[in-house]
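Chain identifiers are assigned alphabetically (A, B, ...) following the order of the sequence lines, protein sequences preceding nucleic acid strands; residue numbering begins at 1 within each chain.
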2 protein chains.
Amino acid sequence: MITVADTFKALGDPVRLEMVQRLASGASYTVGGLSNGLGITRQGARKHLQVLTEAKLITLEPKGRETQVRLDRDSLETARSFITELERRWDKRLEALRDFVELEAPVKEDSTVPA
Amino acid sequence: MITVADTFKALGDPVRLEMVQRLASGASYTVGGLSNGLGITRQGARKHLQVLTEAKLITLEPKGRETQVRLDRDSLETARSFITELERRWDKRLEALRDFVELEAPVKEDSTVPA
DNA sequence: GCAATATGCAACCAATAAGTTGCATATTAC
DNA sequence: GTAATATGCAACTTATTGGTTGCATATTGC
């Protein structure tokens, strides 16, 4: 099975992140097109596409001589909501901590000014 | 400088992701506490903490004999908004594509039913 | 048909990462 | 003061990753 860690791992490389950005923003891309201007060989780029494919961040659809690369929104969505959930819990935890502190020292007066 | 790819890379490991989850949900953690129950040695865990620290996902604050581990919300936030932006562009792109198709074939009639 | 184009696959190499063991050191409990 | 605890650092091993070159193959343009 594919985990969230797999998704993050796939996104955790500058070349692959560049690829994903291109796909999100730009027009249609073939394998060859996506491999240009990355500073590595086509076969090197191909390996990155393989990683992205296994993480289900993209899908490759062969059509005749060339194969089209398509971004798959679902994995992105999963990764994003994972982080969102982490942040939610973290906020909740901080809130609970704050309440606790207030309970322990309910009326914190300014000790620098004598009554 | 630390990039978004660095953040994703740091999150892209099951052990580190587990650590981050614990920190987001649970109570206070020391280095030692966080290293338990991960199936690896303390020193192994320590390396993962180092990676998380370099990605600024956590901060280590030594206090006497032990050192406290604290989750840093900012990097999470950056990672999340990066994905959000990708999704936004992707949606926009699809929308534009749809408009284009409608323009090319404005009135798509049912060809299976002869007039 | 033939050349050019788009792609895939395998073998290999170097660098990085994940994990270990071993040892050193500082703080705390008693 | 001494023992136990919490941690850090370095060396080493193995697996994974990122990259390359070389070769094979299928589709398309003319």
Q: Check whether any side-chain nitrogen or oxygen of Thr41(A) sits under 4.0 Å from OP1 or OP2 of dG19(D), and answer yes or no.
A: no
Q: Grab the OH-C1' distance between Tyr29(B) and dA6(D) for me, whole Å please.
A: 17 Å
Q: In terms of side-chain heavy atoms, does Arg42(B) have a donor or acceptor partner in Ser35(B) at a distance below 3.5 Å?
A: no
Q: Name the residue closer to the 5' end of DNA chain D, choosing between Val31(B) and Arg16(A) according to the nucleotide with the nearest heavy atom.
A: Val31(B)
Q: Taking atom C1' of dT5(C) as reference, at what distance in whole Å does atom CD of Glu66(A) sit?
A: 9 Å
Q: Rounded to whole Å, please give me the gap between NZ in Lys47(B) and C1' in dA15(D).
A: 13 Å
Q: What integer distance in Å separates Leu38(B):CG from dT20(C):C1'?
A: 15 Å
Q: By nearest atom, which of the nucleotides dT20(C), dG19(D), dT7(C) is closest to the Ile40(A) side chain?
A: dG19(D)
Q: Below 4.0 angstrom from OP1 or OP2 of dA6(D), is there any side-chain N or O of Arg46(B)?
A: no
Q: Specify the separation, in whole Å, of atom CD of Gln50(B) and atom P of dT7(D).
A: 14 Å
Q: Would you mind checking if Glu85(A) and Arg88(A) are paired as a salt bridge, meaning a charged N to carboxylate O distance below 4.0 Å?
A: yes
Q: Within a strict 4.5 Å, meaning less than it, do heavy atoms of the Leu57(B) and Leu11(B) side chains meet?
A: yes
Q: Please confirm whether the shortest side-chain N or O distance from His48(B) to OP1 or OP2 of dA17(C) is below 4.0 Å.
A: no
Q: One thing to verify: whether Arg73(B) and Asp91(A) come together as a salt bridge, which I'm taking to mean a side-chain N less than 4.0 angstrom from a carboxylate O.
A: yes
Q: Return the value, rounded to whole Å, for the distance between atom CD of Gln68(A) and atom P of dA6(C).
A: 13 Å
Q: Which is true for Gly32(A) with a 4.0 Å heavy-atom rule: it touches a base, it touches only sugar-phosphate, or it touches nothing?
A: sugar-phosphate
Q: Between the base of dG8(C) and the side chain of Arg42(A), is there a donor and acceptor pair under 3.5 angstrom?
A: yes
Q: Counting the atoms with a prime plus P, OP1 and OP2 as sugar-phosphate, which does Lys63(A) contact under 4.0 Å by heavy atoms, base, sugar-phosphate, or nothing?
A: nothing
Q: For DNA chain C, whose closest nucleotide is more 5', that of Arg65(A) or that of Gln43(A)?
A: Arg65(A)
Q: Categorize Gly64(A) for me: base, sugar-phosphate, or nothing, with a 4.0 angstrom heavy-atom threshold over every strand shown.
A: sugar-phosphate
Q: Using whole Å, what does the distance between atom P of nucleotide dT7(C) and atom CD of Glu61(A) come to?
A: 13 Å
Q: Between Lys9(B) (NZ) and dT16(D) (P), how many Å, whole number?
A: 15 Å
Q: Please determine if Arg80(B) and Glu77(B) form a salt bridge, counting it only when a charged side-chain N lies under 4.0 Å from a carboxylate O.
A: yes
Q: Would you kindly compare Thr30(B) and Ala45(A) by the position of their nearest DNA chain D nucleotide and give the one closer to the 5′ end?
A: Thr30(B)
